[in-house]
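A short write-up of the structure that comes next.
These figures come from a predicted structure and were not determined experimentally. For the numbers below, each heavy atom of this structure counts, side chains included, while hydrogens, waters and symmetry mates do not.
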Amino acid sequence: MGSMIAPRKLVAVLSADVAGYTTLMEAAEEDTHSRLMQILSEFVEPKIADHRGRIVKNTGDGFLATFDSAKAAVDCAVEIQKSVARTSATVSSPPILFRMGINLTEVIVEANDIFGDGVNLAARLQASAEPGGILLTAAVAEHVRTEKQLSLTDLGELKLKNMNRLVRAFGIAAAGRVQSPVAKLTALPDDRPSLIVLPFQLEPNSAEDAWFAEGIIEGIIHILSGIENLFVISRGTSLAYAGMAVDPRAVGRQLGVRYALSGVVQRAKGRLRVFTELSDASTGRLVRSDRRDGMLGDMFEMQDRIASEVVTAIAPAVRGRELARAMRKPPDSLTAYDLLLRALDLLYRLQPETFDRARGFLQQAMADDPGYGPAYSHAATWHMFRIGQGWSTNSAVDAEEARRCAAAALERDPNDPVALAIHGQMLSFTQRDYATALNFLDRAIAASPSCHMAWTLSSTTAGWIADGKRAVEHATRAMQLSPLDPFAFFTEHMLSQGHYINGDYQQAIAWGQRAVAHNSMLTSNLRTLAAALVAYGDLDAAREIARRILALDPNFSLMTFAARSPMSAKVLESHVPRLRAAGLPD
């Protein structure tokens, strides 16, 4: 007798968890547990019942619920968030705030649980929401966009953790917050050809060797990024399309680029075959296709040739010596390059369980070929990412290691753009030597005009010295170069900082909120957001952000912050009083 087929049903799935739950429990386990139980019994359960929803399960730090309609799920979520925010404002303890994600999807219904890809999507959305905020899929937003009491913010297509496809998301601001305008980004410059190099596919398809095909584009992007007459999307955004069947026209519409380069790699018994196609992304027309055969040792020559052919096709005015300048010296050892590609694969996944292995591969690459500069510059990147993700056990040590690795990379290649940019950043961050830092950052941009990290870090220092115009312009260019980068939240923070310095507090709030939606743990962004809200006149929202800062950093004090901040005295003069007005202690 065959097994029963589980019933399926179209429902709105609401996934919620407590932001910073582990930190709250470590600080005050019994108090946190007691307050959460009270919130669940007094607000969550009654509100879900009022909207005819069903709690599928409690997850310890949150809950999963279903509703018969998208409107009921959204109305319930908004009411819960408002109630929880009001309650949190009345207690001195760090606030308990939910992050929520809602999706309209067909699920498999069991007696005590629900299953399906749409359930996982709701959970991934929830993980990307800000504390007190709600993220919706496009399907849910379509059902509630006409509701006058709701103001939705279109966040575009997000790259969610452990999901291959991009997801269109809409945000409902955290309870009590002013709804600022949508963060605005200018169009790509139209005075130069724009291009994305999509991840190459590997045949036969092998998950274990996917890093090799994706890694081949690293060298091609490096060369193309060094040419001033091109606008080249960064590797971080290119990898957002890994494992996806991509229509160049769709990529063109999404990113605003004119051309897309795709390819297929075949590797067997020491031999290599690479097929490439260059397409006009505005029409889908094939501009050129090529096939190259050789040994594995010919890979670097292939990368150079592919880049050269792309330039000839889309920017024939580029001179040969400029193209030659952009090409870097290949490693003496294929093993070192192989180790570098393995490291880059793990580095850009940004998964805690594999991140340390990336550093191990880089160390092996340095040992195998001590003269190979990229291994050192990417090691500097690893330490920067470790600080930015909040994984560092000692940020001062990681900052010094980033500086040391960048300096070592520059000894081997004085024009390495990543090493130049990180070296400049460390001079600002650790020594406040802004003039020398800007010199290195300008050199990084000159060496690689499409290096998004150079533009982002240049914006950082510009903001610290109160050059708001440059800060906004350079962060804007970085966002255009890599809107889907795993670290896009940091560039969004720099846009927020730049607009804040410029006095455009509405745009500062908008970009700060967008950065929070992608990473709610970045305290430097929360500080800028709190100060911008004070300057804008929304003290209630600013105080809510200040409470989150203190929940993440209970020992924060303005005196220590001012002493350690890389911001110049000119910026701190107005910044510190605004943070004090938000409720942060001296």
Quiz item: Is S238 reaching over with its side chain to a backbone N or O of P199, donor-acceptor style, under 3.5 angstrom?
Solution: no
Quiz prompt | Pairs meeting criterion salt bridge (Lys or Arg N to Asp or Glu O under 4.0 Å) with involvement of residues 455-467, two or more places apart | solution = none
Exercise. Ignoring hydrogens and angles, state whether a donor on the side chain of S377 or D416 is under 3.5 Å from an acceptor on the partner side chain.
Key: yes
Quiz item: Is the backbone N or O of A127 less than 3.5 Å from a side-chain atom of R99, with the two atoms forming a donor-acceptor pair by type?
Solution: yes
Self-check item: Heavy-atom donor-acceptor pair, Y376 side chain to P370 backbone, under 3.5 Å
Solution: yes
Quiz item: Taking side chain as C-beta onward, heavy atoms only, is L230 less than 4.5 Å from V310?
Solution: no
Practice problem: Answer yes if the side chains of T276 and R292 hold a donor-acceptor pair under 3.5 Å, and no otherwise. | Solution: yes
Quiz item: Below 4.5 Å, heavy atoms only, C-beta onward: do N555 and D553 meet side chain to side chain?
Solution: yes
Quiz prompt | Check: D368 side chain, A365 main-chain N or O, donor-acceptor pair, under 3.5 Å | solution = no
Quiz item: Which residue pairs pass the ring-ring contact (aromatic ring centres under 6.0 Å, His included) test when at least one of the two sits in residues 440-482, sequence neighbours left out?
Solution: H423-F440, W455-H474
Quiz item: Taking the side chain as C-beta and beyond, is there a heavy-atom pair between S262 and Q201 under 4.5 Å?
Solution: no
Practice problem: Taking side-chain hydrogen bond (donor to acceptor under 3.5 Å, both in side chains) as the test, write out the residues that go with K570, two or more places apart. | Solution: none
Quiz prompt | Nearest heavy-atom neighbours spanning L344 and H378 | solution = CD2-ND1, 3.5 Å
Quiz prompt | Heavy-atom pair with the smallest gap, counting every atom of A419 and A409 | solution = CB-CB, 3.6 Å
Quiz item: What do the steps show when you test H383 against R359 for side chain to side chain contact (heavy atoms under 4.5 Å, CB included), and what is the final call?
Solution: CA-CA 9 Å; H383 287 286; R359 174 62 173 155; 3.7 Å; yes
Practice problem: Among residues two or more places apart or on two chains, list those pairs meeting salt bridge (Lys or Arg N to Asp or Glu O under 4.0 Å) that have a residue in residues 488-504. | Solution: E492-R514
Quiz item: Under 4.5 Å between any side-chain heavy atoms of R548 and V516, yes or no?
Solution: yes
Quiz prompt | Criterion side chain to side chain donor-acceptor pair (under 3.5 Å) on D398 and S392, from CA distance to verdict | solution = CA-CA 7 Å; D398 273 304; S392 176; 2.5 Å; yes
Practice problem: Please answer whether the main-chain N or O of F355 pairs with a side-chain N or O of W382 as donor and acceptor at a distance below 3.5 Å. | Solution: yes
Quiz item: Would you say the side chain of T460 lies within less than 4.5 Å of the side chain of S428, judging by non-hydrogen atoms?
Solution: no
Quiz item: More than 12 heavy atoms of other residues, nucleotides or ligands under 6.0 Å from OH of Y259: is that the case?
Solution: yes
Self-check item: Pairwise distance CD1(I223) to OG(S450) - rounded to 0.5 angstrom
Solution: 13.5 Å
Practice problem: Any chance you could measure T491, atom OG1, to L495, atom CG, to the nearest 0.5 Å? | Solution: 7.5 Å
Quiz item: What is the distance from atom OG1 of T335 to atom OH of Y372, rounded to the nearest 0.5 Å?
Solution: 12.0 Å
Quiz prompt | Enclosure of E400 CD (heavy-atom neighbours >12, cutoff 6.0 Å) | solution = yes
Quiz item: Say you draw a straight line from CD1 of I221 to CD of Q303; how long is it, rounded to the nearest 0.5 Å?
Solution: 10.5 Å
Quiz item: In chain order, what residues pass the side-chain hydrogen bond (donor to acceptor under 3.5 Å, both in side chains) check against T560, with sequence neighbours excluded?
Solution: S557
Quiz item: Would you say T528's side chain and S524's backbone share a donor-acceptor pair under 3.5 angstrom?
Solution: yes
Exercise. Could you give me the CA-CA distance, side-chain angles and deciding distance for L339 and L362, then say whether side chain to side chain contact (heavy atoms under 4.5 Å, CB included) is met?
Key: CA-CA 7 Å; L339 290 164; L362 290 168; over 6 Å; no
Practice problem: Could you pull out the closest heavy-atom pair between L125 and L135, with the gap in Å? | Solution: O-CD1, 3.4 Å
Practice problem: Spell out, as yes or no, whether a donor-acceptor pair under 3.5 Å connects the side chain of R412 to the backbone of A408. | Solution: yes
Exercise. Pick out which of I220, L224, V257 makes a side-chain contact (heavy atoms from CB on, under 4.5 Å) with V232.
Key: L224
Quiz item: So, for A336 and D369, which heavy atoms are closest and what is the spacing to 0.1 Å?
Solution: CB-CB, 3.6 Å
Practice problem: Apply the test side chain to side chain contact (heavy atoms under 4.5 Å, CB included) to residues L484 and Q254: give CA-CA distance (whole Å), side-chain angles for both, the deciding distance (0.1 Å), then the verdict. | Solution: CA-CA 10 Å; L484 304 180; Q254 183 181 12; 3.9 Å; yes
Quiz item: Is any side-chain heavy atom of R258 less than 4.5 Å from a side-chain heavy atom of P193?
Solution: no
Practice problem: Check L198, D485, I196 against I233 for a side-chain contact (heavy atoms from CB on, under 4.5 Å) and give me the one that passes. | Solution: I196
Quiz item: Can you find a heavy atom in the side chain of F556 that is under 4.5 Å from one in the side chain of L558?
Solution: yes
Quiz item: What pairs meet the salt bridge (Lys or Arg N to Asp or Glu O under 4.0 Å) rule with one or both residues in residues 442-460, with sequence neighbours excluded?
Solution: D442-R470
Quiz item: Does A475 offer a backbone N or O that forms a donor-acceptor pair with the side chain of T456 under 3.5 Å?
Solution: no
Practice problem: Indicate yes or no: does R386 engage E401 in a salt bridge with an N to O separation below 4.0 Å. | Solution: no
Quiz prompt | Separation between CD1 of I217 and CG of L341, rounded to the nearest 0.5 Å | solution = 10.5 Å
Self-check item: 4.5 Å side-chain heavy-atom contact, Q497 and M494
Solution: yes
Quiz item: Nearest heavy-atom pair of Y241 and T237: which atoms, and what distance?
Solution: CD1-O, 3.6 Å
Quiz item: Do F275 and Q266 pass the side chain to side chain contact (heavy atoms under 4.5 Å, CB included) test, and can you show the C-alpha distance, the side-chain angles, and the key distance before you say yes or no?
Solution: CA-CA 9 Å; F275 299 89; Q266 295 176 345; 3.8 Å; yes
Exercise. Considering non-hydrogen atoms only, spot the tightest contact between L457 and A421 and give its length.
Key: CD1-O, 3.6 Å
Quiz item: How many angstroms lie between atom OG of S565 and atom CZ of F429, to the nearest 0.5 angstrom?
Solution: 9.0 Å
